[in-house]
Amino acid sequence: MSEINLIYDHKKIEGHWQKKWEEKKLFSIKNIANPYYVLEMFPYPSGRIHMGHVRVYTLGDVLARYKRAQGFDVLHPMGWDSFGMPAENAAIENDIHPRDWTKKNIENMKTQLKSMGISYDWQREISTCEPAYIREQQKIFIKLFNANLIYKKESWANWDPIEKSVLANEQVIDGKGWRSGATIEKKLLNQWFLSITKFAKPLLEHLEDLDEWPENVKVMQKNWIGKSVGAILNLKIKSNDILNNINNVEVFTTRPDTIFGASFVAIAPDHHLSEELAKQSIEVNNFIKEWKKSFITEEDLDKAPKNGLFTNLYSIHPFDNKPLPIYIANFVLSSYGTGAVIGVPAHDQRDFDFAKKYNLKITQVVKDFKTTKKTTLIEAYAGEGTLINSDFLNDMTVKEAKNEVIKRLEKKGIGKKDIKYRLRDWCASRQRYWGCPIPIIYREDGKVLPIEESELPLELPDDVDFSEGGNPLENHPKWKYTTCKKTGMKAIRETDTLDTFFDSSWYYLRFLNANSDSNLKSELIEKWCPVHQYVGGIEHAVLHLLYSRFIVKALNSINEININEPFKGLFCQGMVCHKTYKDVDGKWIFPEDIIKKDSILIHRTTGKLVSEIKSEKMSKSKKNIVDPVSIIENYGADTARIFMLSDSPPERNLDWSNSGIEGSRKFIVKVWNFFNKLKFDDKISETNANENKFPSDLRKKLHFCIEKVTKSLDSFQYNVAVAALREFANYFFTYKPIENDSSDLHEALSKWVIMISPLAPHLAEELWKILKHKNMVANQKWPEFENKYLVDDNVNLIVQINGKKKLVIKIVKGLTKKQTQQFVLENASVIEILKDKNYKKIIIIPDRVVNLVIK
RNA sequence: GCCCACUUGGCGGAAUAGGUAGACGCAAGGGACUUAAAAUCCCUUGUCCGUAAGGACGUCCCGGUUCGAGUCCGGGAGUGGGCACCA
């Protein structure tokens, strides 16, 4: 580094301004006249920030500082999503208490985050594992419980018989427990559910009002909720097949029109009829046993081969009375519809595959409008068409037939029109220690009751033992056995804790009352919510965002809050990726362990040949992480921030590169050196550049820059904003002030510094000082552009022949079509081109393009 | 498997509303400064043909709409995210 570069001491500069901002409490709320709530998804305290954090928090900070400069009262808080499995895994593996582990991690991460210079109001810091947060969350739980929006039901969980505990899906690898290696089975547990399906309709419909959300997220939510309009119908079971009074099976279908193409009925393995059959059939019993060992996720289910077992029972077709064989099938979900489907092979691909496998009849009942010839189907036909082979439905369209079938079903009293959602109720029970305790007791008289408000918060016991496996709360009699405070009766506490999605589904409300005892029914919520701009990863597109929307609607429905959506604007940023390397043995290699020798990559210590794989999301296991802490240490926060913002558009993945960070550093140092060489006298900041003396070229370029940066920031194109700022910097680097008066340059530079301040805030404060300004740049108003400086008198007119560019002619702006045509046709080059041809057509877009069509 | 997104030079990317493709940057090459190197500064850089002037081609692939397509429509390929107990 050269001598002059050494002057740019990022550690000194950044530390200095971070302290100043904190001393002046610059980022705490002074009033709420013009509120703007900026929120980034709060992190899980893993212990160290990673590049993904640096990216998302930089994006949020740019917005927060930009809005602040625009005169908004910006709320920009930060907290910790501090319950969850990793703390418990650390407890099991390293014998450290989850609370201590978490606390230490938060301390570390907070220091790291602070070194980034983000404009957080740390006075409002919250942590979901703290008593105050638990207390408020338990209040919410009880309110929802009392409103019948929380209930208990049986559902399946992944059971590890060796660890004697429930495993998360990600802890089950190829059907085995990740630690124990035991074969995982489904186990039926009585668990707590939140009635999100009661809100399926508003959750779906209100998506339309979220016009500041990315379209793809809304589509994903819409598909997740999955509204289906169809019919529910009651199929009689053949009289001599009736068992234990089960004389019918209820099915849901979205295609009642295809009823005459039905050839079988399939029920879920956990359907009540299957369970009844299992009592008397070894075959059925075995089938269900196998099913319990099979897939757990929907992905597995879709990929697994479709299997069925004929039950020897038949149901009766509602119209032609033909018998329909009943199968138990592994692909039928008890959680969707009625847990039973009517199979129409010709018009549903899954049914088609199933029919082929079990030799069931395939009857086509819809033919598309065009085909007249009868052809054998080689796959299911799900399109529109005309009904055939369907008795009274023949010649109807699909829509007409649907209505007709529903009408007749209703008339016969064996069915009706129905709407089903794919969305399932939210299972909020976790058989784990490190989560928010569920404030419920089971009293000895059989009553299930919420605990008294005076007992809140119900905290976790600290003296727990992880060595026995399972949930430590189960093995903690002192905590588990209690009494009912009202009656004095004996009671047992609920030992399940809450899903951490519950914690994160309302935290944005807690920031508003971070230091008080109440949350809900607060006028602050109306003032600040919905969050004006929420920023986070696309991986949360469905679950976290849908659960948050649900909690708001649920609390609204019981008059606890009066907002209807949590997040007005949503922005989803891409991931941070980095190249991965493997050696000849297929082992992942850290990039810093690689040296280049004669353009071949080898490992520094082992000398083994290394090859570049591809750029992937940074992860510890693939050894392609770059530690932000050392980057900030070596290059500074502003350099890291500028790098994060340059090049890649925020919504796309960003590729980490060493040359990229070097490039950002070079830019900052260059700016720094330029400013340091300027000599302004002490009174310069008080003089405004005389408009007449302010050369039009500098003014024009400045206003172009203001326009471009403002519009780019407004549309989240931060990379374009950086490009515009660099472009103007390239201009002023070589600018020579006229007449020994530098007030024009001073004014332009001042505005440029304000514009770069949200991106590189520490640097901007220093530059502001160099420009002899007294106040902090963080308190400056955003510059405005004036249209009169943006218009150009001349414009480049493109002359095309058959749509291909041939010429560019500079013309005066604002000519009419007629004038443009005359101008072009009189142009010597155009005359030359048209020499021996005539044009057949001329298209004129004034000030832009003229296209001559010659054939 | 299902749902969603993305694909533009050697690389990251830019391109109001369909109207000059490649802004800004990285890398590379050449030059200046230097005893030398680093740093810095200047120039060149989509591909192909051509000494040049200039020409042809070019936004993942195939097809369509249009005077005109990176942009709109249909089909396909590849990559990434989610799939309900990771957060």
Side-chain angles (χ1 to χ4, degrees), chain A residues 1-5 41-44 46 81 83-86 157-158 166-172 191 196 214-224 226 296-304 335 350 422-432 499-501 503-504 537-544 546-547 572 574-575 577 614-617 646-649 651-655 657-660 662-664 666-667 669-670 673 708 711 717 719-720 722-727 730 796-805 807-808 839-843 845 848-853:
Chain A
M1 256 181 224
S2 76
E3 233 176 287
I4 196 150
N5 288 357
M41 290 178 185
F42 66 162
Y44 179 81
S46 57
D81 189 11
F83 274 133
M85 283 203 315
N158 306 315
V166 174
L167 297 189
N169 288 341
E170 71 157 11
Q171 296 175 315
V172 183
Q191 311 200 75
I196 189 169
E215 208 50 47
N216 60 328
V217 172
K218 290 196 276 183
V219 172
M220 280 190 258
Q221 292 218 350
K222 187 181 163 211
N223 293 337
W224 187 262
I296 38 172
T297 67
E298 192 174 297
E299 184 187 356
D300 293 336
L301 179 140
D302 277 347
K303 285 181 180 165
S335 55
R350 262 194 319 203
R422 200 186 79 99
L423 182 69
R424 306 199 296 259
D425 273 343
W426 169 13
C427 177
S429 277
R430 295 293 180 269
Q431 294 70 38
R432 282 184 234 293
D499 178 10
T500 55
F501 272 128
D503 310 344
S504 58
I538 185 73
E539 65 272 23
H540 295 290
V542 176
L543 294 178
H544 162 61
L546 193 67
Y547 290 152
C572 295
M575 298 175 306
C577 300
K614 59 174 177 176
S615 191
E616 283 187 75
K617 180 179 173 175
S646 309
D647 297 355
S648 289
E651 71 277 11
R652 279 213 225 155
N653 289 348
L654 175 145
D655 253 303
S657 76
N658 287 332
S659 56
E662 292 285 353
S664 301
K666 273 187 210 167
F667 171 65
V669 170
K670 196 171 168 181
N673 289 340
K708 188 98 183 173
K711 288 189 172 167
Q717 288 179 290
N719 55 325
V720 182
V722 173
L725 287 166
R726 291 184 92 130
E727 209 168 349
N730 287 339
N796 287 332
L797 184 80
I798 299 125
V799 180
Q800 300 177 332
I801 304 291
N802 291 337
K804 295 209 173 210
K805 185 183 81 177
L807 278 180
V808 180
Y839 65 89
K840 282 175 84 176
K841 199 174 172 185
I842 182 164
I843 286 114
I845 314 291
R848 289 198 145 178
V849 71
V850 169
N851 188 10
L852 294 154
V853 185

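So you know, we letter chains A, B, ... as the sequences are listed, proteins then strands, and number each from 1.
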If you only use heavy atoms from C-beta on, which nucleotide in B/A87, B/C4, B/G12 is closest to the side chain of A/Asp647?
B/G12
Decide, for B/G9, between syn and anti: a glycosidic angle within 90° of 0 counts as syn, anything else as anti.
syn
When the C1' atoms of B/A28 and B/G12 are compared, how many Å lie between them, rounded to an integer?
16 Å
Among B/C86, B/A84, B/A23, the one nearest any side-chain atom of A/Ala723 is B/A23
Taking only side-chain N and O atoms of A/Asn216, does any of them lie within less than 4.0 angstrom of OP1 or OP2 on B/C3?
no
5' precedence on RNA chain B between A/Ile843 and A/Glu170 (nearest-nucleotide basis):
A/Ile843
Looking only at side-chain N and O atoms, does A/Gln717 come under 4.0 Å of OP1 or OP2 in B/A15?
yes
Quickly work out the A/Asn802 CG to B/C67 P distance and round it to whole Å.
12 Å
Taking the same atom, P, in B/G1 and in B/G70, what whole-Å distance lies between them?
32 Å
Which atoms form the tightest heavy-atom contact between A/Ser657 and A/Gly660, and what is the distance?
OG-N, 3.0 Å
Under 4.0 Å from OP1 or OP2 of B/A87: is there any side-chain N or O of A/Thr500 that close?
yes
Would you say the base of B/C86 and the side-chain of A/Glu539 have a donor-acceptor pair closer than 3.5 Å?
no
Donor-acceptor pair under 3.5 Å, A/Glu298 side chain vs B/G1 base
no
Check whether any side-chain heavy atom of A/Leu546 sits under 4.5 Å from a side-chain heavy atom of A/His544, and report yes or no.
no
Rounded to whole Å, CE of A/Met575 lies from P of B/A87 at a distance of 19 Å
A/Ser659 has its side chain closest, among B/C26, B/C24, B/A87, to B/C26
Who pairs with B/G29 - Watson-Crick or G-U, where each distance is under 3.5 Å:
B/C43
A/Gly84 near the nucleic acid: base, sugar-phosphate alone, or nothing, with a heavy-atom cut-off under 4.0 Å?
sugar-phosphate
Can you confirm whether A/Gln717 sits close enough to A/Lys711 that some side-chain heavy atom of one is under 4.5 Å from a side-chain heavy atom of the other?
no
Can you tell me which nucleotide in B/C85, B/C86, B/A23 comes closest to the side chain of A/Met85?
B/C86
Considering only atom P, compute the distance from B/A14 to B/C60 and round it to an integer number of Å.
14 Å
To the nearest Å, give me how far apart CG (A/Leu301) and P (B/G1) are.
15 Å
Calculate the interatomic distance between A/Asp655 atom CG and B/G13 atom C1'; express it in whole Å.
12 Å
Checking B/A23, B/U20, B/G19 against the side chain of A/Gln800 (C-beta onward), the nearest is B/G19
Rounded distance in Å - OH (A/Tyr547) to P (B/A84)
9 Å
Taking 4.0 Å as the cut-off, does a side-chain nitrogen or oxygen of A/Asn169 come that near to OP1 or OP2 on B/C83?
no
Any donor-acceptor pair under 3.5 Å joining the side chain of A/Gln431 to the base of B/C85?
yes
Gap in Å between the two P atoms, one belonging to B/A56 and one to B/A32, rounded:
38 Å
Looking only at atom C1', what distance separates B/U47 and B/G10, rounded to whole Å?
12 Å
Paired to B/G80 by Watson-Crick or G-U wobble criteria (both distances under 3.5 Å) is B/C4
Minimal non-hydrogen separation, A/Leu797 against A/Ile845, with atom names:
CD1-O, 4.5 Å
Output yes when at least one side-chain N/O atom of A/Lys670 is less than 4.0 Å from OP1 or OP2 of B/A39, else no.
no
Please determine whether a side-chain nitrogen or oxygen atom of A/Lys841 lies at a distance below 4.0 Å from atom OP1 or OP2 of B/C67.
yes
Applying a 4.0 Å non-hydrogen cut-off, can you work out what A/Leu725 is touching in the nucleic acid: base, sugar-phosphate, or nothing?
nothing
5'-most contact on RNA chain B: A/Val808 or A/Ala157, nearest heavy atom basis?
A/Val808
Name the closest nucleotide to the A/Pro86 side chain, picking from B/G1, B/A87, B/G19.
B/A87
Does any nucleotide pair with B/A14 by Watson-Crick or G-U wobble geometry, both distances under 3.5 Å, and what is it?
none
Checking B/A14, B/A84, B/A87 against the side chain of A/Arg422 (C-beta onward), the nearest is B/A84
Rounded off to whole Å, could you give me the CG-to-P distance for the A/Asn653 and B/U7 pair?
11 Å
Check this one for me: any side-chain N or O of A/Lys805 less than 4.0 Å away from OP1 or OP2 of B/A21?
yes
A/Ala428 backbone acceptor or donor facing A/Asp499 side chain under 3.5 Å
no
Separation between the C1' atoms of B/G76 and B/G9, rounded to whole Å:
25 Å
Correct closest heavy-atom pair for A/Leu654 and A/Ser648 would be CA-OG, 3.7 Å
May I have the distance from A/His540 (atom NE2) to B/G82 (atom P), rounded to whole angstrom?
9 Å
Complementary nucleotide for B/G74 - Watson-Crick or wobble, under 3.5 Å
B/C62
Can you tell me the Watson-Crick or wobble partner of B/U35, both distances under 3.5 angstrom?
none
Side chains of A/Gln171 and A/Asn158 in contact at under 4.5 Å (non-hydrogen atoms):
no
Using a heavy-atom cut-off of under 4.0 Å over every strand shown, decide if A/Val720 touches base, sugar-phosphate, or nothing.
sugar-phosphate
Rounded to the Å, how far apart are A/Asn730 CG and B/C42 P?
9 Å
From the list B/C83, B/G25, B/A27, which nucleotide is the closest neighbour of the side chain of A/Trp224?
B/C83
Could you tell me whether A/Pro649 contacts a base, only the sugar-phosphate backbone, or nothing, with contacts defined as non-hydrogen atoms closer than 4.0 Å?
sugar-phosphate
Return the pairing partner of B/G22 with a 3.5 Å limit on both distances, Watson-Crick or G-U wobble; otherwise return none.
none
Should A/Arg652 be listed as having a side-chain N or O under 4.0 Å from OP1 or OP2 of B/G13?
yes
If I take atom CZ from residue A/Arg430 and atom CE from residue A/Met85, how far apart are they, to the nearest 0.5 angstrom?
9.5 Å
Distance-only donor-acceptor check, side chains A/Thr297 and A/Asp300, under 3.5 Å:
yes
Candidate nucleotides B/G1, B/C3, B/C57, ranked by approach to the side chain of A/Lys804 - the nearest
B/C57
Using atom C1' in both nucleotides, what's the gap between B/C57 and B/G50 to the nearest angstrom?
15 Å
Which nucleotide in the list B/A87, B/C85, B/G13 gets nearest to the side chain of A/Ser648?
B/G13
When you compare B/G18 with B/U65, how far apart are their C1' atoms, in angstrom units rounded to a whole number?
12 Å
When all nucleic acid strands are considered with a 4.0 Å heavy-atom cut-off, which category describes A/Arg848: base, sugar-phosphate, or nothing?
base
Has the side chain of A/Asp81 got a donor or acceptor atom that lies under 3.5 Å from a matching backbone atom of A/Pro43?
no
Base, sugar-phosphate, or nothing: which does A/Gln191 touch, judged by heavy atoms less than 4.0 Å apart?
base
